[in-house]
Undergrad: 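Can you read through this structure? Questions will come right after.
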Amino acid sequence: MTSTLSLGLPMPVPEPDLPSQVRIYEVGPRDGLQAEPTAVPVEVKAELVRRLVAAGLTAVELTSFVNARRVPQLADARQLVGLVDLGSGVRHPVLVPNARGLEDALAAGVREVAVFGSVTESFSQANLGASRADVAAAQAAVTEEALAAGVAVRGYLSMVFGDPWEGPVPVAEVVAAATALAETGVGSISLGDTIGVATPGHVRAVVRALVDAGIPVERLALHAHDTYGQALTNVHAALLEGVTEFDASAGGVGGCPFALSATGNLATEDLVWMLTGLGIDTGVDLSALVATSTWLAGHLGRPTVSRVATALAPHLTQPDSPQARTET
Ligand code: MG
C-alpha cells in the first residue's frame with residue numbers, strides 16, 4: 001500500500017482556454033542526477049525510475065550517453081538502461097550528443113533518444129565544444145539515423161530566453177534554431193530556459209513566434225527553471241498559448257552542470273500541484289511522487305527544494321501510523 005496524503009489536493013478550478021491534459025516529461029534521473037556532486041549508485045537510479053513510473057509518470061528520461069569523462073555522474077548509462085523495463089509502455093528517452101552516443105544507445109535497446117543544441121553561440125562553444133552550426137549539423141545526422149532505425153527523437157534547445165555570456169536572446173534567433181531543429185524531424189522541441197531568466201510575457205512571445213513560424217504548438221515543450229522563482233508562472237503562460245508538454249524534475253533536483261547560475265529545475269511536485277488546481281489531468285499520484293522525492297532526498301543527503309514536497313512530506317502517513325488508522 002502506498003502512502004496517502006492527510007491533506008487534500010488543491011481544489012480543481014479550471015480556467016477557460018487551457019488544455020485539459022498535459023504531458024509531464026520527467027528529467028530527474030538525467031538532468032537532475034547529472035548535477036549531483038557525487039555519483040548516485042546505479043541501483044538507486046533504477047529504483048528512482050521504477051518509483052517515478054509507479055507514481056504515474058509516462059515519460060521518464062533515463063540518462064545521457066555522453067562522454068563519461070565530461071559527466072562522470074552518468075558513466076553508468078548502459079548499466080542503468082539494462083536495469084529499466086523498456087517494454088512497459090512508458091517512454092524512456094536517453095540523451096545522445098553524437099553518433100557514438102546514438103550507437104551506444106541503440107545497442108542498449110533504447111527506443112527513444114533526445115538530441116540537444118544551443119540557440120546561442122557562447123553556450124554552444126562552452127557547453128558542447130563546437131559552434132551552433134556544427135552542433136546542429138551533427139544533431140541532424142543523429143536524428144536522421146535514429147529515425148531510420150525506428151527510434152523516436154526529442155529535441156532540446158538550450159538558452160532560449162537568456163544566456164549567461166550574451167544576455168537576453170533575440171526571439172528571431174530562437175525561431176531560426178527551432179525551425180531548423182523542427183525540419184530535422186524531431187518530435188517535441190523542448191524550449192530550455194537554461195538559466196531560468198524567462199518571465200511570462202517572454203515565454204508567450206517566444207511560443208507565439210514559433211507557432212507563427214509554422215511549428216505546431218503540439219510539438220513545443222517548455223523546460224522551465226525556477227532559478228528566479230518564475231518556473232510555474234512561465235508554465236502557466238505557456239499553457240495559455242496551448243503548450244501541453246512540460247519538463248520537470250522530481251524534488252527539483254538538478255539544473256545544468258555547465259551553465260552559470262543554472263540551478264533549479266522545476267520540481268515535478270510543484271508542477272503537478274498547480275496543474276491539479278487548474279483541473280488539468282496529469283495522471284500523476286502526487287503522494288507517491290512526494291514519497292519518492294523524500295526517499296531520494298535521503299540518498300542525496302539533503303532536503304528536497306520542492307515547495308510542495310516540503311509542505312506535504314510531513315503529512316504523508318504510513319498505513320500503520322496513528323493518522324492512517326483514523327482514515328476510513
Ligand atoms: Mg534543466
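Each ligand, and each atom within it, is numbered from 1 in the order the structure gives. All residue numbers in this chain count up from 1 along the given sequence. Remember, predicted model here, so these are calculated numbers, not experimental data.
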Undergrad: Quick check: does D31 have an N/O/S atom under 2.8 Å of the Mg ion (ligand 1)?
TA: yes
Undergrad: Going by an N to O cut-off under 4.0 Å, is there a salt bridge joining D104 and R100?
TA: yes
Undergrad: I'd like to check the salt bridge (Lys or Arg N to Asp or Glu O under 4.0 Å) partners of D247; sequence neighbours left out, ordered by chain and number.
TA: R154
Undergrad: Main chain of V186, side chain of R219: is a donor-acceptor contact present, judged purely on distance under 3.5 Å?
TA: yes
Undergrad: For A146 and V113, work out which heavy atoms get closest and say how close.
TA: CB-CG2, 4.1 Å
Undergrad: Any N/O/S atom, side chain or main chain, of N265 closer to the Mg ion (ligand 1) than 2.8 Å?
TA: yes
Undergrad: Which is the closest N/O/S atom of H225 when seen from the Mg ion (ligand 1)?
TA: NE2
